[in-house]
Amino acid sequence: QVQLVESGGGLVQAGGSLRLSCAASGRTFSSYAMGWFRQAPGKEREFVARISRSGGLTSYADSVKGRFAISRDNAKNTVYLQMNSLKPEDTAVFYCAASDTYYIATEVNAYLYWGQGTQVTVSS
């Protein structure tokens, strides 16, 4: 089992940057692909980014491509989401999640473990 704890959220002006971190417990972190999702008020949880076990393969939602970057440090059991050029429509609770699939999973139900989420608010 993996426990995930996100941090790094906050309030930022449009055009600004934030870096989210997700620390995982357990010694099997590198056995999981990791993803970031977000959920805005009144909307469904949506895929943001995913990274493979080794970190060599990443994928992004079209809405964040070119602005967000996912990375991981398996020695530190941590996955990151660097968010640049933030927009008000990026406002949401951001969640990290762990998946044991080997395909590029973007659906919520492909992820086994979830963090509690961290709030990101972008003001205009």
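Applying the side chain to side chain donor-acceptor pair (under 3.5 Å) test to Glu89 and every residue at least two apart in sequence or in another chain returns nothing. Annotation: ring pair (Phe, Tyr, Trp, His ring centres under 6.0 Å) contacts of Phe29 (sequence neighbours excluded): none. Residues forming a side chain to side chain donor-acceptor pair (under 3.5 Å) with Ser17 (at least two apart in sequence, or on another chain): Asn84. The side-chain contact (heavy atoms from CB on, under 4.5 Å) test applied to Tyr102 returns Arg53, not counting sequence neighbours. Residues meeting the side-chain contact (heavy atoms from CB on, under 4.5 Å) test with Thr106, sequence neighbours left out: Phe47.
For Thr118 (side chain) and Gly9 (main-chain N/O), a donor-acceptor pair under 3.5 Å exists by modelled atom type.
Rounding to the nearest 0.5 angstrom, the gap separating the CG atom in Leu20 from the OG atom in Ser7 is 8.0 Å. Between the OG atom of Ser99 and the CG atom of Asn109 there is a distance of 10.0 Å, given to the nearest 0.5 Å. Distance check: Arg72 CZ to Cys22 SG gives 10.0 Å after rounding to the nearest 0.5 Å. Note: Met83 CE to Ser85 OG = 11.5 Å, rounded to the nearest 0.5 Å. Here CD of Gln39 is found 11.0 Å from CD of Gln119. Values are rounded to the nearest 0.5 Å.
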- [ ] Test Glu6 against Val79 for side-chain contact (heavy atoms from CB on, under 4.5 Å), laying out the working first.
- [x] CA-CA 9 Å; Glu6 302 97 335; Val79 61; over 6 Å; no
- [ ] Applying side-chain contact (heavy atoms from CB on, under 4.5 Å), run through Arg67 and Asp90 and close with a yes or a no.
- [x] CA-CA 11 Å; Arg67 300 189 297 123; Asp90 293 318; 2.7 Å; yes
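The minimum heavy-atom distance between Ala24 and Leu4, with the atom names listed, is CB-CD2, 3.6 Å. The minimum heavy-atom distance between Thr101 and Ala33, with the atom names listed, is O-CB, 4.4 Å. Minimum heavy-atom separation, Pro88 to Ala14: CD-CB, 4.1 Å. Across every non-hydrogen atom of Leu11 and Ser123, the tightest pair is CD1-CB, 4.4 Å.
Following chains of ILVMFWY side-chain contacts shorter than 4.5 Å, one can reach Val12 starting from Phe94, so the two form part of one hydrophobic cluster. Put simply, Val2 and Leu112 are part of the same group of oily side chains (I, L, V, M, F, W, Y) that touch within less than 4.5 Å, one to the next. Hydrophobic clustering (side-chain heavy atoms under 4.5 Å, transitive across Ile, Leu, Val, Met, Phe, Trp, Tyr) keeps Val93 apart from Leu18. Criterion: ILVMFWY side-chain heavy atoms under 4.5 Å apart, direct or through other members. Under it, Val5 and Tyr113 are not part of a common hydrophobic cluster.
In summary, the aromatic rings of Phe68 and Trp36 are positioned with their centroids too far apart to meet the 6.0 Å limit. For Tyr95 and Tyr111, the ring centers sit 6.0 Å or farther from each other.
Just one residue in the list Leu81, Thr78, Ile51 forms a side chain to side chain contact (heavy atoms under 4.5 Å, CB included) with Met34, and that residue is Ile51.
Taking the ring centre of Tyr80 as origin, the terminal cationic atom of Arg19 falls inside the region bounded by 6.0 Å and 45° from the ring axis.
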Only distances under 3.5 Å count here; give the side-chain donor-acceptor pairs of residues 55-64 to other protein atoms, sequence neighbours excluded, each with its distance to 0.1 Å.
unit_1	atom_1	unit_2	atom_2	d
Tyr60	OH	Ile70	N	2.9
Asp62	OD1	Lys65	NZ	3.1
Ser63	OG	Arg38	NH2	3.4

